[in-house]
Amino acid sequence: MKAADTIFTPSHRGGSGEPLVCLHGFTDTWRTWELVLPALERRHDVLAVTLAGHAGGPPLQGEALGAAVADAVQQAMDAAGFDLAHLVGNSLGGYLALVLAARGRARSVVALAPAGGWARGDESYKDTLRYFARSQKTLKATAPHAEALLARPEGRRLATRDIVTNFEHIPPDLLVHMLRGAARCPGVAALIANALRGGWPLQPERIACPVRVVWGTADRILPWPSAAARYREEWLPHADWVELDGIGHCPQLDPPLETAQLILGFTAP
């Protein structure tokens, strides 16, 4: 498949049961959840959305871009008929799940390495944002050759080393989609600028639902425990915290069966 032929869609919906919404990380798409969707859909009516400003998602609107991304998720929930839903998010999506919980839209939240947890005064978040800007430049050059690169195990290891520890089970076509989605993510510059201006505001006192936070100890993008400091010490000290030994930044891809169990074990009535 040529890069121009890669299809990006705004959302996926499947399954039956209580509503559950999946929110991906920065520069990703809804397809990051594919390895856990079969298990989730056996118990839930699942809506996996592509965030605003991402490949296949709605365009960014307005100046308050962080709020606009959360607003777009709310609009997708409204369109699906979900007043309340279990929210599952990774990285940026984990942060957004908590923002939506503070808005009263969550039955529960499972946040996988949520962004925005750096301690006050920790400037390392700027390195993380620079990483995403650099990565997109590299991926734009790589995208036309994605199939050839990812056909080889060493290429798949190179492409996934920052997001997972275990990569052998991830289908190459999914990795091709993810690489090209990140390369084509239209909102990278605007969302980075927004984060540098406004950070990751959260009103944790408004979160009334149960929260589980899952973090891989081998996370290379949001390193444990430093990138979780504000969540652990200030915002969510009473959440249910789960450490995944040796797991990377995207648990939904890294140990998908265990991650699905962690989600379903928390959303069960």
Verdict with supporting geometry, Phe8 and His177, ring-ring contact (aromatic ring centres under 6.0 Å, His included): CA-CA 8 Å; Phe8 299 98; His177 175 93; 4.8 Å; yes
Step-by-step salt bridge (charged side-chain N to carboxylate O under 4.0 Å, His left out) determination, Asp78 to Arg105: CA-CA 10 Å; Asp78 292 342; Arg105 298 301 300 262; 2.8 Å; yes
From CA spacing to verdict: salt bridge (charged side-chain N to carboxylate O under 4.0 Å, His left out), Asp71, Arg103: CA-CA 10 Å; Asp71 291 345; Arg103 294 182 180 187; 2.8 Å; yes
CA sep, side-chain torsions, deciding dist, call: Glu147, Arg180, salt bridge (charged side-chain N to carboxylate O under 4.0 Å, His left out): CA-CA 10 Å; Glu147 280 92 352; Arg180 288 184 173 152; 2.7 Å; yes
Derivation of the side-chain contact (heavy atoms from CB on, under 4.5 Å) call for Leu196 and Tyr125: CA-CA 9 Å; Leu196 288 171; Tyr125 74 91; 4.1 Å; yes
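Heavy atoms only, all atoms of each residue included: Thr32 and Met178 are closest at OG1-CE, 4.1 Å. Across all non-hydrogen atoms, the minimal contact from Leu236 to Trp241 is O-NE1, 2.9 Å. The minimum heavy-atom distance between Ala119 and Ala229, with the atom names listed, is CB-CB, 3.9 Å. Across every non-hydrogen atom of Asp254 and Gly248, the tightest pair is OD2-N, 2.8 Å. Of all heavy-atom pairs spanning Ala101 and Ile207, the tightest one is CB-CG2, 4.0 Å. Here the closest heavy-atom approach between residue Ala113 and residue Asp219 is recorded as CB-OD2, 3.5 Å.
Using a 4.5 Å heavy-atom cutoff, the side chains of Thr27 and Gln136 are not in contact. At least one side-chain heavy atom of Leu47 sits under 4.5 Å from a side-chain heavy atom of Ser11. The side-chain heavy atoms of Trp224 and His249, taken from C-beta on, include no pair separated by under 4.5 Å. In this structure the side chain of Trp215 never reaches within 4.5 angstrom of the side chain of Val242, judged on heavy atoms. Looking at heavy atoms from C-beta onward, Phe266 lies in side-chain contact with Ser108 at the 4.5 angstrom threshold. Between Leu179 and Leu175 there is no side-chain heavy-atom pair separated by less than 4.5 Å. The shortest distance between side-chain heavy atoms of Thr9 and Thr50 does not fall below 4.5 Å. Using a 4.5 Å cut-off on side-chain heavy atoms (C-beta onward), Leu262 and Leu244 make contact.
Here the SG-CG distance, from Cys250 to Leu35, works out to 11.0 Å after rounding to the nearest 0.5 Å. Note that CG of Leu100 is 11.5 Å distant from CG of Leu84, once rounded to the nearest 0.5 Å. The distance from the OG1 atom of Thr259 to the CD atom of Gln261 is 9.0 Å, given to the nearest 0.5 Å. A distance of 12.5 Å separates CG in Asp127 from CZ in Phe132, rounded to the nearest 0.5 Å. Atom OG of Ser135 sits about 10.0 Å away from atom CZ of Phe26, to the nearest 0.5 Å. In this structure, OG1 in Thr267 is found 7.5 Å from CG in Leu40, a value given to the nearest 0.5 Å.
Clustering ILVMFWY residues whenever any of their side-chain heavy atoms sit less than 4.5 angstrom apart, transitively, puts Leu51 in a cluster other than the one holding Leu37. Note on Trp118 and Leu129: same hydrophobic cluster, where clusters join Ile, Leu, Val, Met, Phe, Trp and Tyr whose side-chain heavy atoms are under 4.5 Å apart, directly or indirectly. When the side chains of ILVMFWY residues are joined at heavy-atom separations under 4.5 Å, either directly or via intervening members, Leu264 and Leu253 end up in two distinct hydrophobic clusters. In the hydrophobic clustering of ILVMFWY residues, with side-chain heavy atoms under 4.5 Å counting as a link, Leu20 and Val213 come out apart. Hydrophobic clustering, with ILVMFWY side chains joined whenever heavy atoms are under 4.5 angstrom apart, keeps Leu112 apart from Ile163.
With Val214 as reference, Val110 is the one residue of Val110, Ile247, Val88 to meet the side chain to side chain contact (heavy atoms under 4.5 Å, CB included) rule.
Between the Ser91 side chain and the Pro114 main chain, no donor and acceptor come within less than 3.5 Å of each other. Listed for the Thr217 side chain is a donor-acceptor partner under 3.5 Å among the backbone atoms of Gly246. Judged by distance alone, the side chain of Asn90 and the main-chain N or O of His24 form no donor-acceptor pair under 3.5 Å. Checking side-chain atoms of His54 against main-chain N and O of Cys185 turns up no donor-acceptor pair under 3.5 Å. Between the Arg230 side chain and the Gly116 main chain, no donor and acceptor come within less than 3.5 Å of each other.
Qualifying side-chain contact (heavy atoms from CB on, under 4.5 Å) partners for Ala85, counting only residues two or more places apart in sequence or in other chains: Pro19, Val21, Met77, Phe82, Leu87. Partners of Tyr231 by ring pair (Phe, Tyr, Trp, His ring centres under 6.0 Å), not counting sequence neighbours, listed by chain and number: Trp235.
Salt-bridge formation is not detected for the pair Arg13/Glu41: no Lys NZ or Arg NE/NH1/NH2 atom is positioned less than 4.0 Å from an Asp or Glu carboxylate oxygen. With respect to the salt-bridge test (charged N to carboxylate O, under 4.0 angstrom), the residues Arg31 and Glu34 qualify. Ion pairing between Arg157 and Glu168 fails under the 4.0 Å rule for side-chain N and carboxylate O.
Contacts classified as ring-ring contact (aromatic ring centres under 6.0 Å, His included) and involving residues 29-48 (residues at least two apart or in different chains) are given here: His12-Trp30, His44-His86.
Under a cut-off of 6.0 angstrom, the local environment of CG in Asp245 is sparse, with at most 12 non-hydrogen atoms contributed by other residues, nucleotides or ligands.
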